[in-house]
Amino acid sequence: FRRVLFRSANPVSVLGCCTGSGAYLDTSPTNGGITFSYSTRTVSQAIAINQALSGTGIQLSGYNYSWQYLNQGTNAGTLTGNINLRSDTGASLGSWNYTMPTTTDWTTMSGTQNFSSAYSLANVSNLNVSFTGKDNRFWAGFYGPRVRNIDVRLNYTDRKSTRLNSSHGYISYAVFC
């Protein structure tokens, strides 16, 4: 199965027009993640779903998600996540929102989202993972909430709609590393 990593040519990137007016993306292995600033900003990654298995009877049945976030003290603000599954025509097949409340330290948010019905690979285009954040103190710099270690894994079923063994029943994507 395919593992896609989001990497920037430059390990540090400001996603906004001015210092402190957006989001800061650090893709270094030790401090990687997204740090938000005093203006509301959304950072997203669309992941194309491999059509190579189309016609095999394999269907998408849901996803597993996990990421760490820091939303406390000098890094406090508003922070939300969204995962959106798109059809081959661009229509939304489902959208799931995650609110990350104030924490006292790095906190892991994780779980499984099962779709109400499985989707044929031929009818699915991409999965969009996004985070929106804002520093609540209006500091001129990247002092807002932070997100790191983002991992989304697609779950699938076989022709008989039987859930596969979880160690083999997913395609893994690590985004915004």
Side-chain angles (χ1 to χ4, degrees), residues 2-49 60 62-86 90-115 124-155 170-177:
R2 200 169 104 203
R3 184 171 177 88
V4 177
L5 301 176
F6 178 83
R7 295 277 185 213
S8 138
N10 179 351
V12 175
S13 174
V14 176
L15 307 171
C17 70
C18 315
T19 301
S21 67
Y24 173 84
L25 176 63
D26 183 348
T27 59
S28 68
T30 54
N31 296 318
I34 304 164
T35 304
F36 292 93
S37 186
Y38 62 84
S39 64
T40 301
R41 183 63 58 153
T42 298
V43 179
S44 66
Q45 176 75 39
I47 303 158
I49 297 174
L60 295 180
Y63 63 87
N64 299 327
Y65 63 93
S66 176
W67 53 78
Q68 292 179 311
Y69 72 96
L70 181 66
N71 191 7
Q72 59 90 29
T74 59
N75 292 99
T78 58
L79 183 60
T80 60
N82 175 269
I83 297 178
N84 190 311
L85 183 65
R86 295 259 175 211
S92 178
L93 297 171
S95 184
W96 299 270
N97 296 308
Y98 303 91
T99 300
M100 287 153 267
T102 303
T103 61
T104 57
D105 202 350
W106 282 100
T107 301
T108 299
M109 180 170 269
S110 63
T112 298
Q113 176 65 53
N114 293 315
F115 303 145
V124 178
S125 166
N126 65 53
L127 187 72
N128 188 58
V129 179
S130 64
F131 292 91
T132 301
K134 180 183 184 306
D135 176 1
N136 66 5
R137 289 162 318 288
F138 302 100
W139 293 5
F142 300 101
Y143 300 104
R146 297 178 64 192
V147 181
R148 68 180 183 190
N149 299 327
I150 302 160
D151 186 58
V152 176
R153 299 170 185 252
L154 294 172
N155 298 326
Y170 58 82
I171 302 169
S172 176
Y173 296 94
V175 295
F176 306 118
C177 292

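Just so you know, residue 1 is the first one in the sequence shown, and it goes up from there.
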**Student:** Indicate yes or no: at least one non-hydrogen side-chain atom of L127 is less than 4.5 angstrom from one of L85.
**Tutor:**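 Side-chain contact under 4.5 Å: yes.
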**Student:** Give me the atom names and distance for the closest heavy-atom approach of S44 to S130.
**Tutor:**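 For S44 and S130, the tightest heavy-atom pair comes out as CB-CB, 3.4 Å.
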**Student:** For residues 101-110, which side-chain donor-acceptor pairs fall under 3.5 Å, sequence neighbours excluded?
**Tutor:**
unit_1 : atom_1 : unit_2 : atom_2 : d
T103   : OG1    : N71    : N      : 3.2
T103   : OG1    : D105   : O      : 3.0
T107   : OG1    : D105   : O      : 3.0

**Student:** Hey, what do you get for CZ (R146) to CG (L70), rounding to the nearest 0.5 Å?
**Tutor:**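 Reported value, rounded in 0.5 Å steps: 6.5 Å.
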**Student:** Quick one: pull up NZ in K134 and OH in Y38 and give me the separation to the nearest 0.5 Å.
**Tutor:**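 OH of Y38 is found 10.0 Å from NZ of K134.
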**Student:** Would D135 and S37 satisfy side chain to side chain donor-acceptor pair (under 3.5 Å), going step by step from the backbone distance to the final call?
**Tutor:** CA-CA 5 Å; D135 176 1; S37 186; 5.6 Å; no
**Student:** Which value, rounded to the nearest 0.5 Å, describes the distance between N128 atom CG and N84 atom CG?
**Tutor:**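 Separation between the atoms: 6.0 Å.
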**Student:** Apply side-chain hydrogen bond (donor to acceptor under 3.5 Å, both in side chains) to T42 and list each qualifying residue two or more places apart in sequence or on a separate chain.
**Tutor:**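 Per chain and number, T42 pairs via side-chain hydrogen bond (donor to acceptor under 3.5 Å, both in side chains) with T132.
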**Student:** Please work out which of the three classes, parallel, tilted or perpendicular, describes the rings of Y98 and Y65, given edges at 30° and 60°.
**Tutor:**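 If you compare the ring of Y65 with that of Y98, the planes turn out tilted.
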**Student:** Less than 4.5 Å apart, side chain to side chain, heavy atoms only: is that true for L60 and I49?
**Tutor:**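 Of all side-chain heavy-atom pairs linking I49 with L60, at least one is under 4.5 Å.
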**Student:** Report the residues that fulfil ring pair (Phe, Tyr, Trp, His ring centres under 6.0 Å) with W96, sequence neighbours left out, ordered by chain and then residue number.
**Tutor:**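 W96: ring pair (Phe, Tyr, Trp, His ring centres under 6.0 Å) contacts with Y63, F115.
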**Student:** Any heavy-atom pair between the side chains of N97 and T80 that's under 4.5 Å?
**Tutor:**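 Contact flag for T80/N97 side chains = no.
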**Student:** Taking the side chain as C-beta and beyond, is there a heavy-atom pair between F36 and T78 under 4.5 Å?
**Tutor:**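 With C-beta onward as the side chain, the pair stays apart.
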**Student:** Nearest 0.5 Å please: distance from the CZ atom of R86 over to the CD1 atom of I47.
**Tutor:**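 It comes to 13.5 Å.
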